[in-house]
Amino acid sequence: MGTPSDALEVLAENYEFIESIGPCLGFRRAASVLKSLPAPLRNINDIEGLPCLGPETKAVIQDIFECGSSSKVEEVLTDERYRTLKIFTSVFGVGPKTAEKWYRRGLRSLEQIVSDSSIHLNKMQIAGFQYYEDISKPVSKAEAEAVGHIIKEIAGCFSPDVTMTLTGGFRRGKEFGHDVDFLLTVPRPGKEDGLLPAVIDQLRIQGLLLYSDFQESTFDLSRLPNRRFEAMDHFQKCFLIVKLKKEQVVGQQAEQRCGRDWKAVRVDLVAPPAERYAFALLGWSGSTQFERDLRRYSRLERNMLLDNHALFDKTTCFFCNKVIHQRRIPMARCDSTASAMLTANQD
DNA sequence: CGGCATACG
DNA sequence: CGTAT
DNA sequence: GCCG
């Protein structure tokens with residue numbers, strides 16, 4: 001805390017809580033711009049020429065340089081509503097609407113929520129409270145890799161030629177995350193359909209599955225503007241909570257004296273068809289703000305529509321996946337390719 | 001002054 | 001409404 | 001809140 005980008009994130013979150021999406025996005029973009037800088041700001045003059053930093057964000061940054069903090073930000077941090085919604089939304093399965101509902105009922109702590117018999121939690125929220133302590137803790141890279149070994153072992157039984165890629169924040173080089181994201185794919189088209197159900201089943205059999213939300217996704221190209229590409233495809237994903245044994249984490253030993261020898265970890269698995277791998281990887285590598293900006297750029301500046309499955313050119317009415325195949329770009333390079341497609345000159 | 005990413009359960 | 005990036 |  002205390003950095004300009006953290007301060008701007010606080011303001012963004014506060015605007016999110018009061019459902020003011022415009023200012024929320026304004027502050028989020030400003031925070032992202034600061035985080036993208038090669039070196040921290042030295043003084044207020046350093047923001048000259050940077051995009052998305054207007055008078056309001058400039059005043060906040062200036063206050064931090066001059067006083068060590070911004071009064072507006074400090075005010076938000078002490079605000080009862082902000083503090084309460086921040087706690088409520090920290091529970092898996094609880095978003096701004098539910099948090100707001102609880103706040104309006106006069107509830108102020110998680111203890112009050114769980115002991116209130118008139119509140120009916122859904123399945124996701126029950127898991128969120130049940131494993132709250134564990135899944136609130138940061139996940140280390142070593143823990144992410146340990147989860148990876150478990151999943152890879154199981155997926156390899158289903159299909160020995162499965163490839164698995166760590167995505168999300170860890171793929172962007174972060175040392176810690178709030179969950180672990182993997183992309184899994186098998187070469188043979190259609191075979192990926194059975195992959196996640198098999199992995200989930202095996203986790204359950206091994207007693208490692210604490211929570212599972214499986215999404216059978218239908219990839220319907222007909223919904224995009226060009227009807228010629230009508231096709232159904234599958235793009236499965238699941239949101240899990242798994243039991244990670246401490247002994248499975250490299251450089252960590254189980255605590256002998258007391259308590260459990262495991263930790264609950266949030267894990268997301270995504271299984272696109274191999275053909276869609278590049279777009280899935282681009283979409284699951286994040287960050288949230290980068291994905292938003294890429295899609296906004298695609299649409300507003302390039303007249304294209306981007307999602308996790310495809311890039312559609314509204315001018316030519318063609319999907320750009322064909323480009324990848326014609327150029328025979330190796331799968332390992334598809335991530336930079338998909339990204340480059342957005343920035344490179346048209347050819 | 002309008003728009004702000006996009007998908008699925 | 002919630003989840004994900 | 002910032003931008004086109």
Side-chain angles (χ1 to χ4, degrees), chain A residues 8-9 11-12 14-16 18-33 47 50-61 72 88-89 91-102 120-128 135 165-172 174 177-183 211-221 223-224 233-241 266-270 272 276 279-301 304-312 335 342:
Chain A
L8 297 172
E9 288 283 7
L11 297 179
N14 191 49
Y15 278 110
E16 185 173 56
I18 62 181
E19 286 163 293
S20 191
I21 193 63
C24 171
L25 282 171
F27 282 118
R28 284 257 151 80
R29 287 204 196 101
S32 277
V33 167
I47 73 166
L50 295 177
C52 306
L53 300 175
E56 207 65 33
T57 51
K58 182 178 179 179
V60 171
I61 297 164
K72 281 179 188 167
F88 288 171
T89 57
V91 179
F92 178 66
V94 179
K97 300 291 183 184
T98 306
E100 165 73 26
K101 192 174 75 185
W102 291 346
H120 294 294
L121 301 174
N122 64 28
K123 171 193 157 177
M124 200 181 285
Q125 291 159 347
I126 289 169
I135 64 183
T165 310
L166 184 60
T167 62
F170 289 111
R171 186 163 185 270
R172 304 197 304 275
K174 293 181 72 176
H178 90 282
D179 69 357
V180 193
D181 310 293
F182 292 103
L183 227 65
Y211 170 85
S212 169
D213 176 13
F214 176 71
Q215 299 198 357
E216 179 78 53
S217 169
T218 57
F219 171 44
D220 185 359
L221 290 178
R223 284 170 55 163
L224 287 168
D233 210 334
H234 296 293
F235 196 131
Q236 298 176 335
K237 57 182 177 288
C238 60
F239 309 135
L240 313 177
I241 299 174
R266 278 275 297 105
V267 178
D268 299 330
L269 305 180
V270 189
R276 298 287 114 191
F279 294 99
L281 183 60
L282 180 60
W284 279 82
S285 295
S287 65
T288 300
Q289 196 55 47
F290 179 70
E291 301 299 337
R292 287 180 149 184
D293 287 341
L294 259 189
R295 288 161 194 210
R296 196 162 61 118
Y297 173 78
S298 299
R299 193 154 48 76
L300 300 179
E301 315 266 338
M304 288 170 149
L305 303 172
L306 174 70
D307 68 10
N308 284 2
H309 312 92
L311 180 66
F312 181 77
D335 57 328
L342 292 165

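Per chain, numbering begins at 1; letters A, B, ... match sequence-line order.
Residue A/D179 places its side chain closer to C/dT5 than to any other of B/dA5, B/dG9, C/dT5. The side chain of A/T57 lies closest to D/dC2 when the candidates are D/dC2, B/dA5, B/dT6. Between B/dA7, C/dA4, B/dC4, one nucleotide has an atom nearer to the side chain of A/L25 than all others, and that is B/dC4. Distances from the side chain of A/K237 to the nucleotides D/dG1, C/dT3, B/dC8 place B/dC8 closest. Distances were taken from every side-chain heavy atom of A/R266 (C-beta onward) to each of C/dT3, B/dA5, D/dC2; the shortest belongs to C/dT3. Taking every side-chain heavy atom of A/M124 into account, C/dT3 is the closest of C/dA4, D/dC2, C/dT3. Nearest nucleotide to the A/R296 side chain, out of C/dG2, B/dC4, D/dG1: B/dC4.
A distance-only check finds no donor-acceptor pair linking the side chain of A/S285 to the backbone of A/L282 [under 3.5 Å]. With A/E291 contributing its side chain and A/T288 its backbone, the two residues share no donor-acceptor pair below 3.5 Å. Looking only at distances, a side-chain donor or acceptor of A/R266 sits under 3.5 Å from a matching main-chain atom of A/L240.
Rounded to whole Å, the distance from CZ on A/F239 to P on B/dA7 is 15 Å. The CG atom of A/D213 sits 14 Å away from the P atom of B/dC8 (whole-angstrom rounding). A straight line from CZ of A/R292 to P of B/dG3 spans 16 Å, rounded to a whole angstrom. The distance between atom CG of A/L269 and atom P of B/dC8, rounded to the nearest whole Å, is 19 Å. Taking atom CG on A/D268 and atom C1' on C/dA4, their separation rounds to 6 Å, with Å as the unit. Rounded to an integer number of Å, the gap from CG of A/D293 to P of B/dT6 is 12 Å. Put simply, CD on A/E301 is 13 Å from C1' on B/dC4, counting in whole angstrom units. In this structure, A/I61 places its CD1 atom 13 Å from C1' of D/dC2, rounding to the nearest Å.
At a threshold of 4.0 angstrom between heavy atoms, the contacts of A/N122 with the nucleic acid are absent. Among the protein residues, A/G54 comes within range of the sugar-phosphate backbone only, with heavy atoms under 4.0 Å from sugar or phosphate atoms but none that close to a base. Counting any heavy atom pair closer than 4.0 Å across all strands shown, A/T167 reaches no nucleic acid atom. Counting non-hydrogen atoms under 4.0 angstrom, A/V270 reaches nothing in the nucleic acid. When heavy atoms are screened at a 4.0 angstrom cut-off, A/G26 is found touching base atoms of the nucleic acid. Heavy atoms of A/R299 sit under 4.0 angstrom from primed sugar atoms or phosphate atoms, though from no base atom.
A donor-acceptor contact under 3.5 angstrom links the side chains of A/E216 and A/Q236, judged on distance only.
Distance check on atom P: B/dT6 versus D/dC2 gives 23 Å, rounded to whole Å.
For A/F92 and A/F239, the ring centers sit 6.0 Å or farther from each other.
Distances shorter than 4.0 Å separate none of the side-chain N or O atoms of A/H309 from OP1 or OP2 on B/dC8.
When each of A/R295 and A/A99 is assigned the nucleotide of DNA chain C with its nearest heavy atom, A/A99 is the one assigned upstream, toward the 5' end.
Note: A/Y15 and A/F27 have parallel aromatic rings, judged against thresholds of 30 and 60 degrees for the angle between ring planes.
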